[in-house]
Protein chains: 2
Amino acid sequence: MAVSSKSAVAIHALTMLARWDDKSLTSAEIADSLRSNPVLVRRILGSLRVAGLVVSTEGRNGGWSLARPAGGITLHDAYAALEEGPLLASHPHPPSAECEVGRNMERLLEVEFRDAERAMAERLGRTTIADLVRQVLASERDLAQRAH
Amino acid sequence: MAVSSKSAVAIHALTMLARWDDKSLTSAEIADSLRSNPVLVRRILGSLRVAGLVVSTEGRNGGWSLARPAGGITLHDAYAALEEGPLLASHPHPPSAECEVGRNMERLLEVEFRDAERAMAERLGRTTIADLVRQVLASERDLAQRAH
DNA sequence: GATAACTGCAACCGTTGTGGTTACATTTTG
DNA sequence: CAAAATGTAACCACAACGGTTGCAGTTATC
């Protein structure tokens, strides 16, 4: 378990905002669904706001809503808004330049790791929040049908 | 920076073992190149041994060597030997089943995250330790040539 | 204008993982 | 036996995470 659950929480929240995009949701409502804490939710949504994915309004009847259509927000957008820096960490400190391998390793690894990250980012970028809402609605439809 | 630098250290060590595979290397020699500590190196190489990537011999003149040809060891092998569990963490605890989104999110996210991880793993699996040794040797050759 | 319902934010807390280190038992070679 | 190596356990400082309390600021409603 390397990457924190912040991205999962963010995607969950974004999906809720997209599912009920006729109104705005409060951090308390989202926290209820997550079985978590309003402050935690506001922290994460705050990062999403900085990234331009959501907007918030203060005061009574305030809350959160999407800043743009759910079809234009990918899972990678959420990930990138929360996780900074490279996914795969290189050496904790520069290796020895006296060693034939040491003086080349950092540079070579950087290329490999960057490509690996890009592969993951590309995959996350293929799914949008709108896709998830569609899947949620489809699941609920199936569930209702099976109840007969 | 989400994934620890253990994988980077492991790949560095494996590349050294492959570069000088006529002899065995000690944890102290590898630690020198990493500017790190022999105990740390033994810890990480210990995991690689469990994964069947390297072998060690105790006692005087002991040390470490590859358990199989460097062309058959990929960067993903090293990564998998050290990092356990999913890369992308899902919810810290199960969301509310009362929420239409909550009761579907975990299952949907698991698919997305697993696919993203697989994309990264696939990329890491394309490069072998032998590839890195070749690149190190090529760099050194260029460097020597440029010295004229 | 007071009150209620929100966001925004700072300050903590306990837990976990990381990188690093010391110390020591064990194994093997010279 | 002595030297050189692995194998481990124990510990430390640090950072991040998930969570929580408390409170200031903002806004709609009565």
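Heavy-atom basis, side chains included; hydrogens, waters and symmetry copies ignored. Labels below follow one simple rule: chain letters A, B, ... track the order of the sequence lines, proteins then strands, and each chain is numbered from 1.
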Charged N to carboxylate O under 4.0 angstrom, B/E112 versus A/R123? yes

Under a 4.0 Å N-O cut-off, is there an ion pair linking B/R118 with B/E122? no

Just checking, any donor-acceptor pair under 3.5 angstrom between side chains of A/T74 and A/D77? yes

Given atom CG of B/L25 and atom P of D/dA4, what is their separation to the nearest angstrom? 18 Å

Using OP1 and OP2 only, check whether a side-chain N or O of B/S56 sits under 4.0 Å from D/dT6. no

Would you say D/dA16 has OP1 or OP2 under 4.0 Å from some side-chain N or O of A/S4? no

For C/dC6, take OP1 and OP2 only and decide whether either is under 4.0 Å from a side-chain N or O of A/S27. no

Apply side chain to side chain donor-acceptor pair (under 3.5 Å) to the pair A/S90 and A/E106, showing each step before the final yes or no. CA-CA 7 Å; A/S90 187; A/E106 267 191 317; 4.5 Å; no

Using a cut-off of less than 4.0 Å, is there contact between a side-chain N or O of B/S5 and OP1 or OP2 of C/dG19? yes

Atom pair distance, as rounded to whole Å: CG in B/L40 and C1' in C/dG19: 6 Å

Would you mind telling me which of D/dA9, D/dG19, C/dT18 lies closest to the side-chain atoms of B/E83? C/dT18

Is B/R60 side chain donor-acceptor paired with the C/dT26 base, going by distance under 3.5 Å alone? no

Winner on side-chain proximity to A/N37, out of C/dG8, D/dT20, D/dT8, is D/dT20

Minimum side-chain heavy-atom gap B/L34-A/H91 below 4.5 Å: yes

How many whole angstroms separate atom CD of B/E58 from atom C1' of D/dT8? 11 Å

Check whether any side-chain N or O of A/T26 sits under 4.0 Å from OP1 or OP2 of C/dC6, and answer yes or no. no

Does A/R43 make a side-chain donor-acceptor contact with the base of D/dG19, cut-off 3.5 Å? yes

Output the single nucleotide from C/dC9, D/dG19, C/dG19 whose closest atom is nearest the side chain of B/H93. D/dG19

Report the distance from atom CG of A/L82 to atom C1' of D/dG18, rounded to the nearest whole Å. 14 Å

Hey, does the side chain of B/R42 come within less than 4.0 Å of D/dT6's phosphate (OP1/OP2), counting only N and O? yes

For atom CG of A/N61 and atom P of D/dT29, their distance in whole Å: 5 Å

Nucleotide C/dG8, atom C1' - distance to CG of A/L48 in whole Å: 15 Å

Within the structure, does a side-chain N or O atom of B/K6 lie under 4.0 Å from either OP1 or OP2 of C/dG19? no

